[in-house]
Amino acid sequence: MSRELELNFSREQVSLNDLTSKLAHNKITNTRLTRNRNKILNAIETVKQLISSGKLVAEGDYKIVMKEDILFLQNYIHKAILNGEYVYDVETTGKDVFNDIIVGICLYTPGEIPLYIPVNHTDIDNVRVDGQLDEEDVKRILRPLLENKDCRYINHNQKFDGEFTQVYWGIRIANFYFDTQLAGKLLNENEENHKLKYLYAKYIKKDPSKWSAFGDLFEDIPFNYVPINIAGVYGGNDGIIPYKLYQFQSSYLRYNHPKDEFRKLAKIMFEIEMPLIPILIDMELRGVEIDEQRAAELNEKYSAELKELELELDRFVKRYEHDILIDETLNRLTHGEGKINYNSPPQLSRLLYKIMKLPVVSRKEPTGTGKKIIEKWLEHSRVDKDTKNFIKMFKQFKTIRKLLNDYINKLPKAVEPKTGAVHTQFNQYGAVTGRFSSSHPIHKINLQNIPSRNKEIRTIFKARDNYVLIGSDFSQIEPRTLASLSGDEEMINAYREGKDLYATMGARVYQMDYWDCMEKHEDGTDNPEGKVRRDTMKSVLLGIMYERSAKAIAEQFNKPLKWAEDLIEDFRRAYPKIELHRMTVINKAETFGYVTTLLGRKRRLPDMKRSDKEDWRYLDAHRQCLNAEIQGTAADIMKLAMIEVGNNEEFKALGAHMLLTVHDELICEAPEEHAKRVGEILTDCMKKVGEELLKLPMKCDVEITKVWYGAEYEFETEDFDDVA
DNA sequence: TGTGAGGGCCAC
DNA sequence: AAACGTGGCCCTCACA
């Protein structure tokens with residue numbers, strides 16, 4: 001099956017004894033630059049001194065495995081397999097799974113000595129150090145352990161090790177059993193940080209202050225330059241530390257814990273977070289292809305527009321040239337040239353407020369130049385027509401600049417040549433609520449904030465040749481979650497009967513007919529008044545989930561404060577159970593200092609225990625209570641759905657792959673001929689999971705396209721086949 | 001030369 | 001002071 005990735009690493013082109021070209025991607029490894037060379041040498045010297053002064057010590061005995069130890073290693077692996085659990089950690093030249101390389105392996109199994117196995121250590125001139133085992137031998141010897149389903153793999157941030165192991169050695173680790181980083185987040189998402197050494201210092205050594213001395217010594221130094229004897233100290237620790245942390249954490253995260261709250265957390269750990277790791281590895285390594293031609297077209301189009309806008313802006317600003325030049329700040333910031341940089345908030349605020357004398361429209365941001373302020377200026381009576389025109393162009397300029405710099409021009413640069421795709425990392429516990437986040441350490445790619453309001457940007461993403469994109473999104477998952485958690489009959493019934501929720505709410509709150517609160521009349525004609533009512537209800541409901549103030553809702557609809565207050569009050573009366581639920585969640589948070597999702601994932605909000613209810617820290621936490629419960633529950637559902645999809649045999653057999661998850665939407669790729677079936681499997685899995693948990697009907701909208709947000713894919717009809 | 005803060009804005 | 005929840009990244013500018 002096409003589950004394995006085809007990568008062209010061309011490793012043969014590089015002499016095994018001189019790793020220069022392999023390391024050349026990373027500018028710091030260009031040791032011909034004295035700056036880099038010195039930086040590395042100094043860092044190594046620092047570590048040597050730390051060791052000789054006793055400040056940096058191994059946690060215990062350890063062994064460095066060299067060429068002559070090959071039989072010992074084989075025997076060790078045998079013992080690890082009998083033991084059934086092990087720590088395995090890869091040390092690499094950096095974080096880029098497609099371009100960095102494995103330098104050494106830390107290995108540990110309980111009852112045995114921790115090992116450090118160097119494989120690609122070099123001297124400062126990138127010449128491989130003698131005496132190390134061949135990488136091929138290490139790979140061959142480790143494989144039976146890593147691929148053994150009965151052997152529990154334990155480590156911190158296993159996705160990283162799993163990806164390197166898969167990309168370089170073609171080995172898929174069989175049993176991701178316990179990730180101490182994920183466990184750390186489940187047990188306390190508010191931790192100062194979730195780095196291995198920090199958690200170890202805090203919970204095992206009980207001295208969090210000391211962690212930094214051990215912390216990121218090699219953060220910026222490719223590990224290959226670290227002398228093997230020093231790496232051994234470090235590597236020995238990296239085997240034992242995760243294991244001790246695991247022992248500590250698993251005393252809480254276990255199915256037989258006396259407290260129900262921990263049994264639930266154990267369930268989330270072992271039935272959601274851990275099974276997700278191999279799925280995310282597949283998604284991240286596969287990546288998504290982009291159409292560089294399309295990106296170039298859009299670049300041309302938007303660049304031209306941007307250039308034009310800048311000229312127009314300059315033309316208008318020209319009349320203030322003198323004022324700009326005599327303004328001390330602007331003169332300095334524009335280097336005495338008076339040419340405004342429209343990307344610079346300091347320059348703009350000076351220009352707009354001091355020179356052009358635009359009124360302050362937000363007490364909160366008296367020098368702001370953002371969207372909200374621009375909107376206010378555009379409606380302000382004291383701003384003249386010409387200036388409004390200028391502001392409009394400025395607004396447009398900013399939008400275009402953002403689209404160009406952040407997406408259109410950036411995506412092609414992020415294509416990984418070895419796969420021809422753009423990759424991101426899905427941080428599994430990226431948000432405190434349990435949601436994913438998306439980022440990339442090298443390319444800085446976040447695939448969860450690709451513009452959707454602008455319909456063109458997403459069309460840069462395309463399915464691979466002969467594949468289609470199949471995206472399915474949960475319709476209104478958060479309101480559905482609220483309906484389920486609160487048990488509000490009216491809301492639940494709206495979903496059961498397949499009615500429009502917001503129109504149902506509108507009918508109730510406004511005491512009007514259902515159809516008077518819809519975007520269209522019953523006969524299909526437009527109903528603008530109905531649309532306003534429906535939009536208002538949507539906003540109020542979202543507002544309640546986000547603890548939005550009446551003032552903010554009033555502002556959005558340009559209505560008086562009283563109007564919004566009454567609306568919210570009406571809503572609360574019409575849906576008493578939602579309000580009751582909100583109060584219950586808040587009370588729980590005040591009593592216990594945390595709220596939980598449906599499955600028991602915790603959001604700890606210790607500030608809810610403050611007695612001063614006016615304290616901003618209390619209010620801050622207060623706003624998070626209901627939202628964390630709903631957002632977190634929705635995240636749990638999406639995660640379970642991904643596991644359901646990822647483990648679906650038919651889905652795999654049809655050659656389908658998950659590519660992206662954007663909170664309530666899951667985007668997959670499948671061969672064209674299986675598109676329909678894969679779409680069905682996808683929505684079936686998602687709906688099944690949602691309905692099991694929320695006990696109300698779920699709705700998923702599927703789209704099959706060649707490009708993201710593109711036109712619906714046209715299936716070839718059978719007739720067409722016959723003709724062909 | 002690198003870094004962090006502030007302002008801003010994209011997504012759900 | 002903030003007053004809408006969860007994120008990540010860009011750009012400029014000041015500062016080490």
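This one's a predicted model, so the numbers in the text were calculated from it and none came from an experiment. In what follows, every chain begins at residue 1, and chains take the letters A, B, ... in the order their sequences are listed.
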Atom CG of A/Leu352 to atom P of B/dG8: distance rounded to whole Å? 11 Å

Near DNA chain B, under 4.0 Å by heavy atom, which residues of residues 659-668 of chain A? A/Val662, A/His663, A/Asp664

Listed partners of A/Lys455 passing salt bridge (Lys or Arg N to Asp or Glu O under 4.0 Å), at least two apart: none

With sequence neighbours left out, write down each residue that passes salt bridge (Lys or Arg N to Asp or Glu O under 4.0 Å) with A/Asp488, or none if nothing qualifies. none

Expressed in angstrom and rounded to an integer, what is the separation of A/Met638 atom CE from B/dA11 atom P? 18 Å

Taking only the P atom of each, what is the distance from C/dA1 to B/dG7 in whole angstrom? 14 Å

Can you find a heavy atom in the side chain of A/Asp607 that is under 4.5 Å from one in the side chain of A/Trp616? no

Taking the six-membered ring of A/Tyr302 as reference, does the NZ or CZ atom of A/Arg401 fall below 6.0 Å from its centre and within a 45° cone about the axis? no

Where the side chain of A/Arg458 is concerned, which of B/dC12, B/dC9, B/dG7 is the nearest nucleotide? B/dC12

Is there a residue in residues 341-351 of chain A whose heavy atoms reach under 4.0 Å of DNA chain C, and which residues are they? A/Asn341, A/Asn343, A/Ser344, A/Pro346, A/Gln347

Parallel, tilted or perpendicular, judged at 30° and 60°: which one describes the rings of A/Phe98 and A/His423? tilted

Those residues of residues 626-635 of chain A lying under 4.0 Å from DNA chain C by at least one heavy atom: A/Asn627, A/Gln631

For atom CD of A/Glu703, is the number of surrounding heavy atoms from other residues, nucleotides or ligands below 6.0 Å larger than 12? no

Is any side-chain heavy atom of A/Tyr575 closer than 4.5 Å to one of A/Met505? yes

Between which nucleotides of DNA chain C, read 5' to 3', does contact with chain A run, using atoms under 4.0 Å from its heavy atoms? C/dA1 to C/dA14

Between its two end axes (five pairs each) the helix from B/dT1-C/dA16 to B/dC12-C/dG5 turns, nearest 10 degrees, through 10°

Could you state the NZ-P distance from A/Lys371 to B/dG7, rounded to the nearest angstrom? 18 Å

Taking only residues two or more places apart in sequence, or in another chain, which ones meet A/Asp566 in a side chain to side chain donor-acceptor pair (under 3.5 Å)? A/Lys562

Neighbour count above 12 (heavy atom, 6.0 Å) for A/Lys551 NZ: no

Using the test side-chain contact (heavy atoms from CB on, under 4.5 Å), find all partners of A/Thr596 that sit at least two apart in sequence or belong to another chain. A/Lys588, A/Tyr594, A/Lys602

Tell me if the aromatic rings of A/His663 and A/Phe474 count as close, with their centers under 6.0 Å from one another. no

Within 45° of the ring axis of A/Phe426 and under 6.0 Å from its six-membered ring centre, is that where the NZ or CZ of A/Lys639 lies? no

Using a strict heavy-atom distance below 4.0 Å, which residues from residues 430-457 of chain A are in contact with DNA chain B? A/Arg435, A/Gln448, A/Asn449, A/Ile450, A/Pro451, A/Ser452, A/Arg453

Across the strands shown, which category fits A/Gly368 at heavy-atom distances under 4.0 angstrom: base, sugar-phosphate, nothing? sugar-phosphate

Interatomic distance, A/Gln396 CD vs B/dG8 C1' [rounded to whole Å]: 17 Å

Please indicate whether A/Lys376 has more than 12 foreign heavy atoms, meaning atoms of other residues, nucleotides or ligands, lying under 6.0 Å from its NZ. yes

Selection residues 340-373 of chain A - residue pairs positive for ring-ring contact (aromatic ring centres under 6.0 Å, His included), sequence neighbours left out: A/Tyr342-A/Phe397, A/Tyr353-A/Trp377

Select base, sugar-phosphate, or nothing to describe what A/Arg617 touches, counting heavy atoms under 4.0 Å on all strands. nothing

Would the number of heavy atoms belonging to other residues, nucleotides or ligands and lying under 6.0 Å from NZ of A/Lys354 be above 12? no

For A/Ala550, which residues count as a side-chain contact (heavy atoms from CB on, under 4.5 Å) partner, sequence neighbours excluded? A/Leu561, A/Ala564, A/Glu565, A/Ile568

Rounded to the nearest Å, what distance is computed from the CZ atom of residue A/Phe394 to the P atom of nucleotide B/dG7? 15 Å

Tell me whether A/Lys687 at atom NZ has more than 12 heavy atoms from other residues, nucleotides or ligands lying less than 6.0 Å away. no

Rounded to the nearest angstrom, tell me the gap between atom CG in A/Asp473 and atom P in B/dA11. 15 Å

Could you check whether any side-chain N or O of A/Asn427 sits under 3.5 Å from a backbone N or O of A/Tyr429, counting only pairs where one atom can act as donor and the other as acceptor? no

For a quick test of reading the model, state the closest non-hydrogen atom pair linking A/Gly600 to A/Leu265 and the distance between them. O-CD2, 3.5 Å

Distance check, P atoms only: C/dA3 and B/dG6, in whole angstrom units. 15 Å

So which one's nearest nucleotide on DNA chain C is more toward 5', A/Gln624 or A/Asp615? A/Asp615

